[in-house]
Amino acid sequence: MLVPMNAAADNGPPRAARRAPERTCAGCGKKGPPVEMLRLVVDPDGAAAPDVAGSSFGRGVHVHPTQPCLDRAARGGVARSVKGKVSLDVGPLADVVHEAALRRAWSLLVGASRARLVKWGARAVEEALAGPPGEGPDAGARRGALLVVASDAARPDATPAFSRAIAEGRAVVLGTKAELGALFRQEEVAFCAVLDHKVSREVHRMCDLAVVSRTWSGSSISRSKEAACRRSPEGR
Ligand SMILES: [Zn+2]
């Protein structure tokens with residue numbers, strides 16, 4: 001049987017040997033992988049806008065998505081990085097980042113479902129989380145399968161595979177049962193599993209960003225939205 005050369009790379013976790021590029025945080029000045037930071041793009045007028053996907057053209061500055069780092073970046077860190085005047089207000093930024101991260105998480109999920117990389121139905125999801133039979137108990141985790149639970153779903157930890165995914169941090173809350181259902185032409189779908197590790201990682205990263213941006217000072221995201229895109233469905 002012919003197996004594509006990149007099959008392993010696409011299905012497995014990234015190879016440890018591959019060194020990720022590093023960026024310097026405009027807040028604390030420490031270096032780290034860009035996926036752990038928020039990219040801001042500064043336009044010629046000095047306005048800083050978030051680039052959650054990290055791929056927009058323009059002058060980019062990276063910052064850890066934490067209150068202390070954002071405060072220091074807003075007070076002058078970003079301006080120093082781009083050697084010019086920059087206007088950055090953390091409050092409005094929080095709302096824009098929250099919405100952008102949710103939008104991107106959702107569009108990644110839609111794209112993955114169109115590419116048939118998302119499974120729904122209790123048994124299919126459980127199998128996706130556990131991994132293919134014969135590959136050992138960690139196969140699902142090694143393949144990066146991510147559990148997506150609707151914000152209005154009941155008992156997301158109903159099965160051992162689900163509880164395990166939640167305990168391992170391989171679960172996010174995104175969308176509603178009706179919204180997830182629409183992806184699969186169903187009335188309601190309470191949970192599904194993303195099979196592709198790259199998509200999983202990015203959906204997870206976006207959900208984390210949506211969650212953390214709500215905690216930044218000045219965030220005006222209403223409590224009614226708090227259920228959406230929670231990092232993990234624990235404690236519900
Ligand atoms: Zn920092």
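First listed ligand is number 1; within each ligand, the first listed atom is number 1.
- For the residue pair Ser220 and Asp95, a side-chain donor N or O sits within less than 3.5 Å of a side-chain acceptor on the partner.
- A donor-acceptor pair shorter than 3.5 Å can be found between the side chains of Ser217 and Gln67.
- For Glu188, there are no side chain to side chain donor-acceptor pair (under 3.5 Å) partners two or more places apart in sequence or in a different chain.
- Listed by chain and number, the protein atoms of type N/O/S under 2.8 Å from the Zn ion (ligand 1) are Cys25 SG, Cys28 SG, His64 ND1, Cys69 SG; waters are omitted.
- The environment of Lys119 atom NZ is sparse: at most 12 non-hydrogen atoms of other residues, nucleotides or ligands sit within 6.0 angstrom.
- No side-chain heavy atom of Leu147 sits less than 4.5 Å from a side-chain heavy atom of Val172.
- The two residues Arg205 and Val35 come nearest to each other via the heavy atoms CD-O, 3.3 Å.
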